[in-house]
Structures are given as C-alpha cells and as structure tokens.
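Here the structure comes first, spelled out in structure tokens, and everything after it is commentary.
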Amino acid sequence: VKKTIIVFSGDLDRALAAFIIANGAAAMGDEVTMFFTFWGLSVIRRPTGRSTTPRSRLQRLFVRMLPRGPGRLPLSRMQFLGMGPPLMRRAMADRHVPDLDSLIATAREQGVKFVACSMSMDVLGFQPEDLIDGVEVAGVASYLADADTANVNLFV
Amino acid sequence: VKKTIIVFSGDLDRALAAFIIANGAAAMGDEVTMFFTFWGLSVIRRPTGRSTTPRSRLQRLFVRMLPRGPGRLPLSRMQFLGMGPPLMRRAMADRHVPDLDSLIATAREQGVKFVACSMSMDVLGFQPEDLIDGVEVAGVASYLADADTANVNLFV
Amino acid sequence: VKKTIIVFSGDLDRALAAFIIANGAAAMGDEVTMFFTFWGLSVIRRPTGRSTTPRSRLQRLFVRMLPRGPGRLPLSRMQFLGMGPPLMRRAMADRHVPDLDSLIATAREQGVKFVACSMSMDVLGFQPEDLIDGVEVAGVASYLADADTANVNLFV
C-alpha cells in the first residue's frame, strides 16, 4: 500500500521521525513518497556547492540562512545554542541508530520517492542542483494524486 | 473525495501550507474541511474589531496577545524578531504566489468548510464575531465525523 | 474504525489536542492507538521516581533535562518563561475543560492503547519504569501495522 509524508519541518528530530517511518514502510513493501516543502527543503539540500542561477536579494538571503543538509539541521527542542544536534547525533550513534544521512541513503536504496515542492523552491530560491540527486520537483497536485491513493498520509 | 486539515498552528508558514493543500484539493473537486483549533484560531481571526462579550482576565490576556489574522502571524522559522514574516510575504509576492489572505478568499470561494473548535474558543475567550464570516463553530465529534469519511487527514 | 496518533511533540498544547481527539474517537467506539516518540515520551513520563538502570552520561543529561509528565510540559506558544503553562491550565479549569492528567486517565479508561517508541527510549535513556503504567514498548513496525488498518492517522 502507499504512504505519503509531507516534510514541512527543517528540524533534525522531525526529519529523523519522517525517515524512520518512511524506511519502515518501504521495508514492509509499501510505496512511499516524501514531499519536501518549505524548511523541509533543507533536509535534502546538498551540503556544498551552489547553483549559479541568478537569484533575487531575498532569495540569496534565504539560501544563505537555510541549513545545508542533514549535518546542519537544528533540533525543535534542546537546541542549546547549537550544542543539541551534535549531542543527539552522538546519543544515536551510541545506541547504533543510523544517522539522518544513512536514513536518507537507505530511503533512496529502498525506492522511496523524493519530491521537492516547486512553489517552495521558487519562493526560497532553490534550484534542482541545490538538492541531492534523484529528487523530482512537483506541485501540490502531484502530492494530492499520491495521497489520494495512499492509506497513510502524514504532515511532519 | 473528502479531505480534512486540522490547523493547530498559528504560524504563517504552516497556515500557508495548509491552505495550499486545501485549495489544491478543492480545485480537483474534493470536499475539504479545515478545523481551526488552539493557535490556529488566529489564522481566521478578524484583523479589527472586538466582540463585546464579557471575558475573564485570563481570556482578555489571550485575546490581547494572540495575533489578529493573516497579517500578524509569526513564522515558525526565521522569525528574526518580526522581520521574517514581511520578508516571506515579499518573497512570495516576487514569485507571484498568492498571500494568505488571497488563499483564504480562494478557499471560501471554492467552498472549503471552515470550522472553529468550540473548546479552544471557549478557553481562549474567542466569540464567533471575532472570526471572519462563514466559520462554523463545532467540537471534536464534528471533526471526527468528517475525518471518518475522508481519505486524507492532516494535522498541521 | 481504528485511529492512530503519533505524539512526537512534548508540548502541553499539542498533547492536549492529541488526547482530545483520541478521547473523542474512543467515546465514539473507535479503537485508538497513541504512539509516543521523541519528546512525546515526556507526556507519559512518571512525575517522580527514577529507574535504577545504568545510563550513559548523555542519557543522564536527556533524562535530567526532559520534562517529567503533564505537569511540567511547556507550551509551543506563549511559554512566557514558564508562566504560560499554568495560565493555560487555569484558563482550561475556568472553562471546566479537563486537564491533561484527566484526559490521560480518561484515555486509559476508554481503552486507548499507549505505545512508547522503543528506539526513542533507547536513545534518550528511558526505561519502561520511567513511564506511567500500561504503556507498551514497540517499534515503527508496530505503528505501521496499526496505521495500515486505521482510517485516520495523525502526526502531532
């Protein structure tokens, strides 16, 4: 059966929850689509490099301020001026829980479909080359088509 | 098919996401219900005016502190001491993305049903006249009746 | 029909919303599962006592910092340096809305199933004896099995 998850949040903890659910479902044979929108675009952002497409001043501001990929995401809680995320990563490693990079890699290996919201990309100034490979760019109609045929639809 | 969205959050960005999904679904012929609860009541609050019903001191505090409609909502991220929301509105206008006021107007034109949570209104001290026109006031049983016959149910 | 709610957030207001929906559904005869993960574990934490299982330094930090049950949860908004939650509780009591402790008790009486995420417990250093009685510990596969047979699945 199908599942969809909208990753709206750009928080490390919420992204972890989204990928753990997505990978669990994919492992059980489900067809999973993750739809990255707003701050969630940071989750699938490339850590380095920058597209050379011209951007407005506002878009340059967003692109400069928004975190570049899993290694830079904040926590929604216990952020502790930036000390929280490395502590969380360490606590996960201590218990042999895969980190977000590994979860993303597993999701891709398992065929989870990654879709980036075209409207959010346009507003925030992201280009496809700012994101990791294998991400489709689409709008809300594409999300709704997937959600309509899914039996679990979450907004994270 | 039916869709429901609980708008719990009073953040501009989350409200935008909720209305973009709601309008997309309504445009595809779906019957959509948005259920506004807790801080989400701010999203459908009238910008001016104040009901004259007597309120407790605590309710007056909530009513005074909570944002009055789309133009006053904060962002969940990049709030920047209040500079974030106008920047986001400007970025959206630059890319010809409709603002939250227009999205709300479109939702109403398309027949999206707006329901305000009666319990939240009671606790926070909101009266129907504090909200925009055309909002039904109902409780969780009403939400559940809609959700039971819907195929997509989101909590934003 | 079945319903599932993932309680990811450890905020008082989001927990209230989750339990009001869960109890409403259970009162209508639905079979409801609440899955507590990440900060949501605080919601079902015992206010006093401490398991004697050895913990790592990091786990001791999480266990010390995370709120102990409904009486200590912060608000996602209007936290006011800790003054918000008692004001919210007072506003609810003024309007005869049951507090989170009562909502949790009602949920249990109505047979709502409480599941704590085993992975989150492991990472944050929680033991079953840190949680209130009657909580099952299980992983994402258990959540998915419930969600697959439910008609409403929310992420709070």
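Note on naming: letters A, B, ... go to the chains in the order of the sequence lines (proteins, then strands), and numbering restarts at 1 for each one.
Proximity to chain A (any heavy atom under 4.5 Å) is restricted, for B:Val1, to the side chain, taken from C-beta onward. Interface remark: B:Met28 contributes side-chain atoms only to the contact with chain A (heavy atom separation under 4.5 Å). In this structure, chain A has a heavy atom under 4.5 Å from the side chain of B:Val97, while its backbone stays farther away. For A:Leu154, the part sitting under 4.5 Å from any heavy atom of chain B is the backbone (N, CA, C, O) and nothing else. Both the backbone and the side chain of A:Phe155 have a heavy atom closer than 4.5 Å to some heavy atom of chain B. Using a 4.5 Å cut-off between heavy atoms, B:Met88 contacts chain A through both its backbone and its side chain.
Scanning both residues, A:Leu144 and B:Ala25, for their nearest heavy atoms gives CD1-N, 3.3 Å. Across every non-hydrogen atom of A:Ala116 and A:Leu41, the tightest pair is CB-CD2, 3.8 Å.
A 4.5 Å side-chain heavy-atom check between A:Met121 and A:Val137 finds at least one atom pair inside the cut-off. Between B:Ile132 and B:Phe114, the closest side-chain pair of non-hydrogen atoms falls below 4.5 Å. Residues B:Val43 and B:Phe36 have side chains in contact (heavy-atom distance under 4.5 Å, counting atoms from C-beta outward). Side-chain contact check for A:Leu124 versus A:Val63: every heavy-atom pair is 4.5 Å or farther apart.
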Go through chain A and chain B and list any donor-acceptor pairs closer than 3.5 Å, backbone and side chains both.
unit_1	atom_1	unit_2	atom_2	d
A:Gly10	O	B:Arg77	NH2	2.8
A:Asp11	OD1	B:Arg77	NH2	2.9
A:Trp39	NE1	B:Asp13	OD2	2.6
A:Trp39	NE1	B:Ser76	OG	3.4
A:Asp122	OD1	B:Arg95	NE	2.8
A:Asp122	OD1	B:Arg95	NH2	3.0
A:Asp148	O	B:Asn151	ND2	3.4
A:Asp148	OD1	B:Lys3	NZ	2.7
A:Asp148	OD1	B:Asn151	ND2	2.8

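From A:Leu100, atom CG reaches atom CD1 of A:Ile44 across 11.5 Å, with rounding to the nearest 0.5 Å.
Not counting sequence neighbours, A:Phe126 has no partner by the ring pair (Phe, Tyr, Trp, His ring centres under 6.0 Å) test.
With respect to B:Phe19, the side chain to side chain contact (heavy atoms under 4.5 Å, CB included) criterion is satisfied by exactly one of B:Leu103, B:Val112, B:Ile5: B:Leu103.
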